[in-house]
Every structure is written in C-alpha cells, then in structure tokens.
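Data first, discussion second: the structure below is written as structure tokens.
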Amino acid sequence: MSSKGFEFAYMLDGSNATPVIRDFTLGAAAAHLVGDLMLMQSDGYIDAVTGSTTEVTCIMQEALAAADVTAGTTKGKAAIITRNQVWRCSMDAATTTAVVGNTKTIDTVDKNTIDADDLSNGAMILVDTGTDDEGNVLAYVVFADTSFG
C-alpha cells in the first residue's frame, strides 16, 4: 500500500505507547491532510514541512481545507513526534541507498513523502523497508531531531 503521508507504525522499544495528540495553532491558511509532517515555527505556530527539514514537531491527524484555516487562529489535531516512535511513509523511488540504522540524514521531498536519494540533509533514520503498491520503497523511520524530544 502507498502511505498517505506519515503514519504511526510502532514504538521502537516494543512498548504499547501511542503518540500524544493535541491541538496546535496553524500558521498558514493552507490545506492540511492526515499524515502531513509539521514543524513548529518561531511564531509558535505549526506549518507543513515544504522540503528539506532537520527538525520535526508533529504529524497532522485531521484534514483541514485551506478555506477553513485562518492563519494564527485555527487549531488542528496533530500527533507529537518523539524519537522512540517509528513512522511509516512512502519514498519517491523504487530503490534507496539508505542503510538501516546507519544512514541518519534521510530527508523529505515534501510534507508527505520521503526522498529516496537525498541522504545528506534530513533528520530521519531508516529502521526497516517494504514496498508500497506503486512499487516505491515504503520506509519505516525514526526522527533524530524532534521539537519535544
């Protein structure tokens, strides 16, 4: 299956914990989908990751149309990312040279796709792989730099 952005898979430590979901104020009047990767900005609002990222904050857990979002006012439900959580997401290619546990700088293409060949600018570590229904790598990753630890 092709992922719909980032989806919680499991805890790396084997526990039954799940991500904490809370309301965050959105910083841009833009559409947001379940699975969008978000980052806390200096104004205290979250915005979607647009490309390369080294820090992450949360994953959107509800879809919001752009017309329903007032920047700096509208809140959206998002799962807080911590380092022990494993998240599943499709990559943008059928192969990757990322090595499980060794490549610590996997990057994103955008808010809901992992870049299979950009292994130098990001903050994800590969835990496992599979194949999605489009023939691309389905990656299981942990985030090395999260806003809340």
Side-chain angles (χ1 to χ4, degrees), residues 1-13 17-94 96-98 101 103-130 132-134 136-149:
M1 93 181 162
S2 177
S3 69
K4 296 176 181 157
F6 288 85
E7 303 168 319
F8 177 73
Y10 56 90
M11 296 297 291
L12 194 57
D13 66 3
T18 58
V20 172
I21 298 173
R22 64 165 277 200
D23 290 329
F24 287 95
T25 304
L26 301 167
H32 299 286
L33 300 174
V34 173
D36 285 355
L37 185 60
M38 309 294 283
L39 174 63
M40 183 69 67
Q41 305 299 321
S42 61
D43 58 9
Y45 305 138
I46 60 169
D47 289 318
V49 168
T50 56
S52 186
T53 187
T54 56
E55 180 185 334
V56 294
T57 304
C58 55
I59 307 287
M60 287 300 296
Q61 298 298 294
E62 69 176 322
L64 297 166
D68 296 332
V69 177
T70 301
T73 302
T74 304
K75 293 187 177 208
K77 295 199 179 306
I80 295 173
I81 300 170
T82 60
R83 293 181 190 165
N84 202 26
Q85 299 165 341
V86 177
W87 294 84
R88 171 181 50 241
C89 188
S90 291
M91 287 186 155
D92 64 349
T96 182
T97 57
T103 306
K104 297 175 176 27
T105 52
I106 301 170
D107 207 355
T108 54
V109 173
D110 54 32
K111 62 187 177 182
N112 55 27
T113 310
I114 298 173
D115 196 330
D117 59 4
D118 184 351
L119 306 177
S120 62
N121 301 316
M124 288 178 279
I125 302 166
L126 190 64
V127 174
D128 199 3
T129 61
D132 69 18
D133 59 359
E134 295 174 356
N136 291 328
V137 176
L138 185 62
Y140 292 79
V141 297
V142 291
F143 291 94
D145 192 2
T146 63
S147 298
F148 297 108

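The analysis underlying the following values was restricted to heavy atoms, covering all of them including side chains, and did not include hydrogens, waters or symmetry mates.
Under the 4.5 Å side-chain criterion, counting only non-hydrogen atoms from C-beta, Ile114 is in contact with Phe6. Side-chain contact between Ser90 and Glu134 is absent, with no heavy atoms from C-beta onward closer than 4.5 Å. Side-chain contact between Thr108 and Leu37 is present, with heavy atoms from C-beta onward closer than 4.5 Å. No side-chain heavy atom of Phe24 sits under 4.5 Å from any side-chain heavy atom of Lys75. Within the 4.5 Å cutoff, the side chain of Ile46 has heavy atoms near those of the Cys58 side chain. Side-chain contact between Val141 and Asp128: absent, with no pair of heavy atoms (C-beta onward) separated by less than 4.5 Å. By the 4.5 Å heavy-atom criterion applied to side chains, Val127 and Leu12 are counted as neighbours. Using a 4.5 Å heavy-atom threshold, the side chains of Thr103 and Leu126 count as separate.
Atom OG1 of Thr105 is separated from atom CD1 of Ile125 by 9.0 Å, given to the nearest 0.5 angstrom. For the atom pair CD1 (Ile80) and OG1 (Thr57), the distance works out to 9.0 Å, reported to the nearest 0.5 Å. Residue Leu33 holds its CG atom at 10.5 Å from NZ of Lys4, rounded to the nearest 0.5 Å. Taking CG of Asp115 as the reference point, atom CE of Met124 lies at 8.5 Å (rounded to 0.5 Å). For the atom pair CD of Gln85 and OG1 of Thr146, the computed distance is 8.0 Å after rounding to the nearest 0.5 Å. Interatomic distance, CZ of Phe143 versus CD1 of Ile81, reported as 4.5 Å (0.5 Å rounding).
Taking the six-membered ring wherever Trp is involved, the centroid distance between the rings of Tyr140 and Trp87 does not fall below 6.0 Å.
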Pairs under 3.5 angstrom only: tabulate donor-acceptor contacts from the side chains of residues 60-73 to other protein residues two or more places apart or in another chain.
| residue | atom | partner | partner atom | Å |
| --- | --- | --- | --- | --- |
| Gln61 | NE2 | Ile59 | O | 3.2 |
| Glu62 | OE2 | Lys77 | N | 2.7 |

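Closest heavy-atom contact between Gly51 and Asp107: O-OD1, 4.1 Å. Residues Phe8 and Pro19 approach most closely at CD1-CG, 3.5 Å, considering heavy atoms. For Asp92 against Ala116, the heavy-atom pair with the smallest separation is OD1-N, 2.9 Å. Taking every heavy atom of both residues into account, Ala98 and Ile106 meet most closely at CB-CD1, 3.7 Å. Heavy-atom minimum distance, Arg88 versus Ala9: NH1-CB, 4.1 Å.
Residue pairs satisfying the salt bridge (charged side-chain N to carboxylate O under 4.0 Å, His left out) criterion with at least one member in residues 34-55, sequence neighbours excluded, are listed as follows: Asp36-Lys111.
With a 6.0 Å radius and a threshold of 12 heavy atoms from other residues, nucleotides or ligands, Lys104 has its NZ atom above the threshold.
With sequence neighbours left out, the side-chain hydrogen bond (donor to acceptor under 3.5 Å, both in side chains) criterion links Asp110 to Thr113.
With 3.5 Å as the limit, one finds no donor-acceptor pair spanning the side chains of Asp145 and Thr54.
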